[in-house]
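What follows is a single structure, written as structure tokens, with notes after it.
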Amino acid sequence: MTDPYKALDYLAVDELYTEEERMVRDTIRSWVSERFMPVIEEHNRNATFPTDLIPELGELGVFGSSLEGYGCAGLSSVASGLICQELERGDSGLRSFVSVQGSLCMFPIHAYGSEEIKQKYLPKMATGELIGCFGLTEADFGSNPGGMLTKAVADGDDYILNGSKYWITNGSMAHVAIVWAQCEGTIKGFVIDTDTKGFQGRGIKNKFSLRASDTSELVLEDVRVPKGNMLDVEGLKGPLSCLTQARYGIAFGAIGAAQAAYDEACRYSQIRVQFDKPIARFQLVQNKLVWMANEITKAQLMCWRLGRMKEAGTMKHFHVSMAKRNSCWMALESCRLGRDILGANGITDEYQMMRHMCNLESVITYEGTHDIHGLIIGRELTGEDAIL
Amino acid sequence: MEIVVCIKRVPASDTTIKIAADGKSIDPAGVKYELNPYDEFAIEQALLIKEQLGAGSVTVVTIGSKDAQKELRDALARGADKAALLTTDQWISDGASTAAALATWIKSQSCDLVLCGRQAIDSDNNQLAPNLATHLGFACITEVNKLELADGKFTAERDIEGAREVVTCPTPAVLSCQKGLNEPRYPNLKGIMAAKKKPLEEAAAELPAAGLEVVSLALPPERAAGKILGDGADSVPALIDALRNEAKVL
């Protein structure tokens, strides 16, 4: 069956994008419809990631799509945001996979790696031959990553790392890990081949959310890393600069999930008959659809503006916080409203609504929770820091 | 081998068509357009031939308004080398004038092979390939769904009524491409970025006076609602009777 998806564009936001940006968006949209939608429910049910599609994603050029050189596509910020939007219309797990590869792994190597490290990893990561993961969060240090316990100690020409990381996307399938650790009184990042002795990725099982995504624990026991694999950045600003990139992608991505929810709910309301009329003819149902369309449109405009600021170099991390926070919240609420419109049918995986809804519980949590982003915005508005 | 691919911008197959006030054309407002799906096979085949030979060029050409730049850029993003837009504001429904204008332009190029889709899904004329071949004096094979190139000679397969025909021809040739010929590639993101730097020339289409005129255009009648004749095995005789006497399909 062909994917019936039609994207909402109530205020002709399309006209704000360039022709290339639309072409990029449409290409990824078709790929998701034709290649990903037919397999996602099965993978979600079995808690597997469609690894066979990774080479196709590499061929399309979605990994590190906004980076220049090293086999990357060098797209505009808005285009790379729209890629995230279209991928997450398929599944948040798919977008997470691409975000981690590009924003969290290729970005720091590109920004802080030596030329040798860049040449070694980036071209193969762009094609998807090498998969990356990003180790910042620990089981007891989520919103407070600065408290991390993982340590790196110098030993001759190497560093020796010990510790563990938790909630790591791609952690079991990755070939290369960016691991952040306490080191000589600050926080440093290391590029580690995951086949190094003492490095282990263990899948976290039985998730309700992001089922079609590898979420793992990383365990590091005396992992020896050459000094040349240390990234040239100090302190939390290293990992936080990566998170700013990834949060930017999530802000666009969550709109895709909301679009999927709106599209499914709207179509359902037009064919589902109760009391001898389609439920779309009931005011309460219309009100829910209007809420969704309204919030999706506002988020589209916010992200478009954010993207243009990123291209102009004026985007700050606290701008990204507003868009990430808004998009995730409105997408999750849209799925809840959409599930309501679908009635009992909405609880099965014949419909995608609850898959997106459950996924978004992670998306609204990771890369800075809804509340933490509120506090980042609040700090910017008032000058008062309510986090520390 | 120098290959020219003729493409067309057509209303998307899932767009809603409304008839314009003149009753002879479609109302363009709100219509979504796309590259004619059969032309995707033609573009892909051109790229495959160029890759096989490791030499030559692929040029895409269309006749239409400036909006058709989008479909040309799509072909450039997939890997075509250059594009030409033969501009006109007319809505052309006459396959013979389309072919004449394209042939005039192709004659000004170095060209060994012309590829096109079997037909455009808007007017469904299915006339372009043989018409073009006549103008150009090229060999012509239509509705090709398998193609091999060896020693400068094409061997093509095509489905005909109840059989499969194998035909060969030398270059120069015009081939029209049928579904199944190949699996069209997605334009990749680097290709999309490269497309804007590739040459896209524009020239006025040299259209002869049209020999055909669309007199009227109407939407097909709406399909009548289905009928439920009953439930279970007891209703089978009524169903057979309806199929035999009402629908007259048995």
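None of these values were measured; they are calculated from a predicted model. Order of the sequence lines fixes the chain letters, A, B, ..., with proteins taken first and strands second; residue numbering starts at 1 for each chain.
In terms of heavy-atom proximity, A:Met23 sits nearest to B:Asp74 at CE-N, 3.6 Å.
For the atom pair NZ of B:Lys70 and CG of A:Asp26, the computed distance is 6.0 Å after rounding to the nearest 0.5 Å. Rounding to the nearest 0.5 Å gives a distance of 10.5 Å between NZ of B:Lys190 and CG of A:Leu75. Here the CE-SG distance, from B:Met193 to A:Cys72, works out to 12.5 Å after rounding to the nearest 0.5 Å.
In the displayed structure, B:Glu206 atom CD is contacted under 6.0 Å by at most 12 heavy atoms of other residues, nucleotides or ligands. The number of heavy atoms from other shown groups lying within 6.0 Å of CD (B:Glu183) does not exceed 12. Taking a 6.0 Å sphere around CD1 of B:Ile160, one finds it holds more than 12 heavy atoms contributed by other residues, nucleotides or ligands. A 6.0 Å sphere centred on NZ of A:Lys124 holds no more than 12 heavy atoms belonging to other residues, nucleotides or ligands. Around atom NZ of B:Lys198, more than 12 heavy atoms belonging to other residues, nucleotides or ligands sit under 6.0 Å away. Annotation: B:Asp124, atom CG; neighbour count of heavy atoms from other residues, nucleotides and ligands within 6.0 Å is above 12. For CG of B:Asp231, the number of neighbouring non-hydrogen atoms (other residues, nucleotides, ligands) closer than 6.0 Å is 12 at most.
With chain B as partner, the option from A:Arg22, A:Glu56, A:Glu34 having the largest number of non-hydrogen pairs under 4.5 angstrom is A:Glu34.
Heavy atoms closer than 4.5 Å to chain B are found in both the backbone and the side chain of A:Thr27. For a residue to count as touching a neighbouring chain, one of its non-hydrogen atoms must lie under 4.5 Å from one of that chain's; by this rule B:Ala77 touches chain A with the side chain only. Only the side chain of A:Glu19 has a heavy atom closer than 4.5 Å to any heavy atom of chain B. Looking at B:Arg73, the atoms closer than 4.5 Å to chain A (heavy atoms on both sides) sit in the backbone and in the side chain alike.
Residues A:Ile83 and B:Leu189 have side chains in contact (heavy-atom distance under 4.5 Å, counting atoms from C-beta outward).
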